Amino acid sequence: VNAYDNGSGIELIQVSMDSGSSKDMDVSGSVLFNDIRDGRHQITVEVYDTAGNVNILTRDIVIDTAEPYVVNYLPMEDDVQVDSNIWITFSETVLPDSVSIDVAGVEGYLTVYGSQASFIPFSELDHATDYQVSVQAMDIAGNPLRPHSWTFTTTDFGSLTGKVVD
């Protein structure tokens, strides 16, 4: 908190969180709150000058120390179709630029929206092949995802195209 007064000077600064008891603060100091839980909080700063004027500022903040994790992912089994996409659901919103989905040997298009991510291969996957998927991400508070990876295997069945002629 930076406070100044062009007139009579600052007499007192008080800071409180979530309507709790106020803590006094020096003009050039800081206030430490202990044992703050993750979640939404409201900080209120009251500045009193020597002329008896008061200025009150209230701000909402969010504390987030929890790292995101993968809630669900697809595909996750054997005999996966070769035209399958990779889908991931995170436990919370992630920063789109922080998301990386690496499918060994496969290039594709990455889309991230909120807590969802998808990887769409540019071409069909190979038949009867094991693929390893590695995911990296960071939530909006900067907490990184623990390394997450899995494997899946594509089907060994081929596909037929063409016309049946009698």
Side-chain angles (χ1 to χ4, degrees), residues 1-2 15-23 25 29-45 56-166:
V1 173
N2 291 323
V15 182
S16 63
M17 184 178 339
D18 298 331
S19 301
S21 59
S22 296
K23 295 183 177 188
M25 184 181 96
S30 62
V31 173
L32 178 64
F33 291 94
N34 296 316
D35 302 321
I36 302 171
R37 293 189 181 106
D38 279 11
R40 293 191 179 280
H41 297 279
Q42 189 173 72
I43 304 290
T44 302
V45 178
I56 299 173
L57 175 68
T58 301
R59 292 287 187 258
D60 292 327
I61 63 168
V62 175
I63 304 293
D64 178 5
T65 60
E67 58 192 26
Y69 56 91
V70 173
V71 174
N72 195 13
Y73 57 88
L74 292 171
M76 65 168 94
E77 67 275 343
D78 294 336
D79 293 328
V80 171
Q81 298 299 312
V82 294
D83 62 350
S84 294
N85 298 330
I86 310 297
W87 299 94
I88 301 168
T89 302
F90 299 101
S91 59
E92 59 183 301
T93 298
V94 293
L95 292 169
D97 291 343
S98 76
V99 178
S100 168
I101 299 176
D102 180 46
V103 184
V106 178
E107 292 186 18
Y109 181 73
L110 175 66
T111 302
V112 180
Y113 184 76
S115 63
Q116 306 284 320
S118 65
F119 177 84
I120 302 168
F122 290 146
S123 60
E124 285 190 347
L125 302 172
D126 294 330
H127 288 276
T129 303
D130 292 332
Y131 287 96
Q132 175 153 350
V133 180
S134 299
V135 180
Q136 295 180 350
M138 186 178 299
D139 70 12
I140 59 176
N143 301 310
L145 174 77
R146 285 188 185 172
H148 187 90
S149 63
W150 76 93
T151 59
F152 65 89
T153 305
T154 52
T155 184
D156 59 358
F157 295 114
S159 58
L160 299 175
T161 60
K163 294 181 186 179
V164 176
V165 178
D166 183 17

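Bear in mind the structure is a predicted one, so any value in this text is a computation, not a measurement. Because only heavy atoms are used, hydrogens play no part in the values below, and waters and symmetry mates are left out as well, while side chains stay in.
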message = Treating Tyr131 as the side-chain partner and Gly105 as the backbone partner, does any N or O pair qualify as donor plus acceptor under 3.5 Å?
response = no
query = Does the side chain of Thr155 come within less than 4.5 Å of His127's, by heavy atoms?
reply = yes
message = Quick one: does any side-chain atom of Thr154 pair with a main-chain N or O of Gln81 as donor and acceptor, under 3.5 Å?
response = no
Step-by-step side chain to side chain contact (heavy atoms under 4.5 Å, CB included) determination, Phe90 to Val70 = CA-CA 4 Å; Phe90 299 101; Val70 173; 4.2 Å; yes
remark   = CZ (Phe152) and OG1 (Thr129) are apart, to the nearest 0.5 Å, by 9.5 Å
query = Looking at CG of Leu110 and CD1 of Ile86, how far apart are the two atoms once the value is rounded to the nearest 0.5 Å?
reply = 11.5 Å
inquiry  = To check you understand the geometry: which heavy-atom pair defines the closest contact between Val80 and Pro75, and what is its length?
reply    = CG2-CB, 3.6 Å
request  = Quick one: closest heavy-atom pair of Ala128 and Asp156, and the distance?
outcome  = CB-CB, 3.6 Å
query = Quick check: are there more than 12 heavy atoms from other residues, nucleotides or ligands sitting under 6.0 Å from CG of Asn34?
reply = yes
key: Close side-chain approach of Ser118 and Asn85, heavy atoms under 4.5 Å   = no
From Met25 atom CE to Leu32 atom CG, the distance as rounded to the nearest 0.5 Å = 13.0 Å
ask   = Taking everything shown except Tyr69 itself, do over 12 heavy atoms lie less than 6.0 Å from its OH?
value = no
query = Is it true that atom CZ of Phe122 has more than 12 heavy atoms of other residues, nucleotides or ligands lying nearer than 6.0 Å?
reply = yes
ask   = Measuring from Ser98:OG to Asp139:CG, what's the distance to the nearest 0.5 Å?
value = 8.5 Å
Candidates Asp64, Asn143, Ile140 - the one meeting side chain to side chain contact (heavy atoms under 4.5 Å, CB included) with Glu92 = Asp64
query = From Trp150 CH2 over to Ile88 CD1, what is the distance, rounded to the nearest 0.5 angstrom?
reply = 4.0 Å
message = Using side chain to side chain contact (heavy atoms under 4.5 Å, CB included), reason through Arg40 and Asp60 one step at a time and then give a plain yes or no.
response = CA-CA 7 Å; Arg40 293 191 179 280; Asp60 292 327; 5.5 Å; no
key: Closest heavy-atom pair and its distance - Val112, Pro96   = CG1-CA, 3.9 Å
inquiry  = Please give me the minimum heavy-atom distance between Leu145 and Pro68, naming the atom from each residue.
reply    = CD1-O, 3.3 Å
message = Quick check: His148 with Tyr73 (ring centres under 6.0 Å apart)?
response = yes
query = What are the two closest heavy atoms between Glu67 and Pro144, and how far apart are they?
reply = CB-O, 3.3 Å
inquiry  = Does atom CD (Glu107) have a neighbourhood of more than 12 heavy atoms from anything else shown, all under 6.0 Å?
reply    = no
message = Can you confirm whether the side chains of Ser134 and Asp102 place a donor and an acceptor under 3.5 Å from each other?
response = no
request  = Quick one: pull up CD1 in Ile43 and CD1 in Ile61 and give me the separation to the nearest 0.5 Å.
outcome  = 4.0 Å
query = Which heavy atom in Gly20 sits nearest to a heavy atom in Ser16, and how many Å separate them?
reply = O-CB, 3.5 Å
